[in-house]
Amino acid sequence: MKYLLSIETTCDETAAAVIGEDLSVLSSVVASQDRLHERFGGVVPEIASRAQVERIVPVIDEAIRRAGVRLEDLKAVAVAHTPGLAGSLMVGLMAAKTFALVLEVPLIAVNHLQAHVYACRLSSGEEVFPCVGLVVSGGHTSLYHCPSPLEFRLLGNTIDDAAGEAFDKVASMLGLGFPGGPVVEKAALQGDPKAYDFPRSMLEDRTRLDFSFSGLKTAVRYAITGPGKFDFGSVPLSPKQVADLAASFQEAVVDCLVGKALLALEMTGLRTLCVGGGVAANRRFRERLQAEADRAGIRLFIAPLKLCTDNAVMGAIAWERYRAGLFETLDLDIAPGPIRPLKSRSEPGSVPSSACRT
Ligand code: KG4
Ligand code: ZN
């Protein structure tokens, strides 16, 4: 049996896993930084990359130790090199290149968002492609047409905030802590999802598969402070208000995600939906999606809870690239993500090379 080492450092988790070519998971280690970012209400890139440097070696060591494999049993090294925070990505990539060089094994590039979708293939053990892939995380809300594990075509994206980011910001407004998703979900259990009539931006537009969550975030803010006001300090909220705001916000996000996912299936004619990313851990979202999928006769795969948030196991998608002979040279660079170009400096739609490279 061949094994590969998978490394994931795209944001604030340092993760490593050893995975067999039959997709068996020999070990998975995830070091979370939630505690370091808690008091800022969001991930601070500089803190994240410094913590990645401290943790990467012990995390990889532990993954190899738990797997019980010898270094020479590792036949490839996979690393998530896009998208993510530049400093964090660089740490994982340097570690992976070092391994590839020293062990003289192929280096395989993993797209973190594609890996989130692949978590469904991994956990179900079933052939899930071709499918529509929905990735709902802290940095991304994206729909893909995925004909095969090697082809991902973007169908739609958030035009502003990601769904997870909106959960994190709303949690901070409600004084609930970080990361926002789990605490908003918990507060929402006691609330009325119809208490506030929050906007479902772009849901009515059946010609586009994009999302927008910044208007919803502002609507929650104004529901707390009053229209046009930004000062939270003088606005005490009762536990009932917090619960109702959380439940109404969550319901609006879920409506948008479910609505656009179903529209993507309709537009592509596909009957399989794979969902991954941190927000896919949300129970209300999972229940609503399952109910809609059952009603519409859609094959639905949602990543299991432990594979929703960032981990290196989903880097198993690298075996698909291994089989296709898609290896990288040591020139492989990080690609932090789509940075919108300044219109005045470049052609519309073009991304300056300096924006994606460091
Ligand atoms: O995929 P992930 O671990 O990291 C990124 O790639 O961004 O996603 C993290 C995001 C955070 O914004 C977090 O608040 C959100 O996933 N999240 C949730 C839940 N658990 C985590 N959002 C809603 N409900 C949850 N239960
Ligand atoms: Zn992620």
Side-chain angles (χ1 to χ4, degrees), residues 6-15 17 28 30-34 37-38 40-45 48 52 79-85 88-89 92 110-120 133-142 144 157-158 161-174 176-189 191 193 211 213 216-217 246-247 249-258 274-289 302-315 317 336-337:
S6 166
I7 298 174
E8 150 68 49
T9 62
T10 55
C11 188
D12 63 334
E13 264 92 25
T14 315
S28 171
V30 181
S32 161
Q33 301 177 14
D34 285 351
H37 302 283
E38 201 171 8
F40 302 101
V43 176
V44 181
Q52 293 284 9
V79 61
H81 78 118
T82 185
L85 299 174
S88 292
L89 285 166
V110 168
N111 177 309
H112 176 76
L113 301 179
Q114 298 176 3
H116 269 306
V117 173
Y118 198 78
C120 295
L134 170 62
V135 180
V136 262
S137 70
H140 299 270
T141 308
S142 311
Y144 294 93
N157 227 335
T158 179
D161 296 345
E165 189 182 347
F167 267 97
D168 293 336
K169 298 279 163 52
V170 166
S172 160
M173 290 179 210
L174 297 176
L176 292 173
F178 176 84
V183 280
V184 168
E185 178 178 354
K186 190 161 173 241
L189 288 174
F211 303 88
F213 295 106
L216 170 61
K217 203 177 64 184
F249 160 78
Q250 178 176 267
E251 204 64 11
V253 175
V254 169
D255 278 349
C256 295
L257 296 176
V258 172
C274 289
V275 187
V279 180
N282 185 280
R283 283 184 177 73
R284 179 72 183 149
F285 174 51
R286 297 172 84 93
E287 281 165 19
R288 286 275 313 279
L289 205 50
I302 313 181
L305 293 188
K306 68 173 187 314
L307 293 188
C308 282
T309 45
D310 289 348
N311 63 85
V313 175
M314 62 194 191
I317 193 172

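Order of appearance sets the numbers: ligands from 1, and atoms from 1 within every ligand.
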Novice: Gln52 pairs by side-chain hydrogen bond (donor to acceptor under 3.5 Å, both in side chains) with which of Thr14, Thr10, Thr9?
Specialist: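 One option only clears the test, and that one is Thr14.
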Novice: What protein N, O or S atoms come within a distance below 2.8 Å of the Zn ion (ligand 2), ordered by chain and number?
Specialist: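 Protein N, O or S atoms closer than 2.8 Å to the Zn ion (ligand 2): His112 NE2, His116 NE2, Asp310 OD1.
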Novice: Check whether any N or O atom of Pro179, backbone or side chain, sits under 3.5 Å from an N or O atom of ligand 1, and answer yes or no.
Specialist: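 No, there is no polar N/O contact under 3.5 Å.
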Novice: Do Val43 and Cys11 have side chains that approach each other closer than 4.5 Å (heavy atoms only, starting at C-beta)?
Specialist: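 In contact.
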Novice: Nearest 0.5 Å please: distance from the CG atom of Asn282 over to the CG atom of Leu305.
Specialist: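 These two atoms lie 10.0 Å from each other.
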Novice: Can you tell if the side chain of Gln114 reaches within under 4.5 Å of the side chain of Val135, non-hydrogen atoms only?
Specialist: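 The answer is no; the side chains never approach within 4.5 Å.
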Novice: Do ligand 1 and Glu13 have nitrogen or oxygen atoms that lie under 3.5 Å from each other?
Specialist: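 No; every N/O pair is 3.5 Å or more apart.
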Novice: With a heavy-atom distance limit of 4.0 Å, tell me whether His140 approaches ligand 1 through its side chain, its backbone, both, or neither.
Specialist: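 Neither part.
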Novice: Begin from the C-alpha positions of Phe213 and Leu257 and carry the test side-chain contact (heavy atoms from CB on, under 4.5 Å) through to its verdict.
Specialist: CA-CA 11 Å; Phe213 295 106; Leu257 296 176; 4.0 Å; yes
Novice: Show me which atoms of ligand 1 lie under 4.0 Å from any heavy atom of His116.
Specialist: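 Heavy-atom distances to His116 below 4.0 Å select 1 (O), 6 (O).
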Novice: Could you tell me, atom by atom, which parts of ligand 1 come under 4.0 Å of a heavy atom of Asp168?
Specialist: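 Matching atoms, with element in brackets: 11 (C), 12 (O), 13 (C), 14 (O).
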Novice: Does ligand 1 come near enough to Gly277 that some N or O of the ligand is less than 3.5 Å from an N or O of the residue?
Specialist: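 Between Gly277 and ligand 1, no N or O pair is found under 3.5 Å apart.
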Novice: Of all the heavy atoms in Gln250, does at least one lie under 4.0 Å from an atom in ligand 1?
Specialist: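 For ligand 1, residue contact (heavy atoms, under 4.0 Å) with Gln250 is absent.
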Novice: Closest approach of Ala80 and His112, non-hydrogen atoms and distance?
Specialist: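 Closest heavy-atom pair between Ala80 and His112: CB-CB, 4.4 Å.
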Novice: Give the residue, atom name and distance (to 0.1 Å) of the protein heavy atom nearest atom 9 (C) of ligand 1.
Specialist: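 Going atom by atom, the protein heavy atom closest to atom 9 (C) of ligand 1 ends up being Gly138 N, 3.7 Å.
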Novice: Identify which of Asp310, Val136, Val43 has a heavy atom lying nearest to atom 5 (C) of ligand 1.
Specialist: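 When every heavy atom of Asp310, Val136, Val43 is considered, Asp310 comes closest to atom 5 (C) of ligand 1.
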Novice: Looking only at side chains, do His116 and Asp310 share a donor and an acceptor under 3.5 Å apart?
Specialist: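 There is such a pair (donor and acceptor under 3.5 Å, judged by atom type) between the side chains of His116 and Asp310.
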Novice: Any idea which protein heavy atom is nearest atom 18 (C) of ligand 1, and the distance to it?
Specialist: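 Nearest neighbour among protein heavy atoms for atom 18 (C) of ligand 1, to 0.1 Å: Gly181 CA, 3.3 Å.
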Novice: Does even one non-hydrogen atom of Cys11 get within less than 4.0 Å of ligand 1?
Specialist: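 In this structure, Cys11 fails to qualify as a contact of ligand 1 - no heavy atom is under 4.0 Å.
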Novice: Nearest protein heavy atom to atom 24 (N) of ligand 1, by residue and atom, and its distance?
Specialist: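 Here the closest protein heavy atom is Asn282 ND2, 3.1 Å.
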Novice: I'd like to know if Arg284 and Glu251 make a salt bridge, using a cut-off of under 4.0 Å between side-chain N and carboxylate O.
Specialist: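 A salt bridge links Arg284 with Glu251.
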Novice: For ligand 1, which atoms sit closer than 4.0 Å to a heavy atom of Gly139?
Specialist: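 Per the distance check, 7 (O).
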Novice: Restricting to side chain to side chain contact (heavy atoms under 4.5 Å, CB included), what partner residues turn up for Glu165, sequence neighbours left out?
Specialist: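 If we apply the side chain to side chain contact (heavy atoms under 4.5 Å, CB included) test to Glu165, skipping adjacent residues, the hits are Asp161, Ala162, Lys169.
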Novice: Out of Pro83, Gly278, Ala281, who is nearest to atom 1 (O) of ligand 1 when you count heavy atoms only?
Specialist: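 It is Gly278 that holds the nearest heavy atom.
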Novice: Are His112 and ligand 1 in contact, using a heavy-atom cut-off of under 4.0 Å?
Specialist: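 Contact present.
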Novice: How close do Val183 and Gly177 get, heavy atom to heavy atom, and via which atoms?
Specialist: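 Shortest heavy-atom contact: CG2-O, 3.9 Å.
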Novice: Measure across Ala171 and Val184 and return the closest heavy-atom pair with its distance rounded to 0.1 Å.
Specialist: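 In this case the closest contact between Ala171 and Val184 is CB-CG2, 3.7 Å.
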Novice: Against heavy atoms of Ser137, which atoms of ligand 1 measure under 4.0 Å?
Specialist: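 Going through ligand 1 atom by atom, the ones under 4.0 Å from Ser137 are 1 (O), 5 (C), 6 (O), 7 (O), 8 (O).
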Novice: Grab the two heavy atoms, one from Cys308 and one from Ala303, that are nearest each other, plus how far apart they are.
Specialist: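 Shortest heavy-atom separation between Cys308 and Ala303 comes out as SG-O, 3.3 Å.
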Novice: Would Thr82 and Asn111 count as having a side-chain donor-acceptor pair, cut-off 3.5 Å?
Specialist: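 Absent: no donor and acceptor within the cut-off.
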Novice: What do the steps show when you test Phe285 against Ile302 for side-chain contact (heavy atoms from CB on, under 4.5 Å), and what is the final call?
Specialist: CA-CA 10 Å; Phe285 174 51; Ile302 313 181; 5.7 Å; no
Novice: Check whether any side-chain heavy atom of Glu13 sits under 4.5 Å from a side-chain heavy atom of Glu8, and report yes or no.
Specialist: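 Contact flag for Glu13/Glu8 side chains = no.
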Novice: Considering both backbone and side-chain atoms of Gly164, is one of its nitrogen or oxygen atoms within less than 3.5 Å of a nitrogen or oxygen in ligand 1?
Specialist: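 Indeed, backbone or side chain, Gly164 has an N or O that close.
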Novice: With heavy-atom distances below 4.0 Å as the criterion, list the atoms of ligand 1 near Glu185.
Specialist: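 The list of qualifying atoms is 24 (N), 25 (C), 26 (N).
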Novice: Check each heavy atom of Thr309 against ligand 1 and say whether those closer than 4.0 Å belong to the side chain, the backbone, both or neither.
Specialist: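 Within the 4.0 Å criterion, Thr309 contacts ligand 1 through backbone and side-chain atoms alike.
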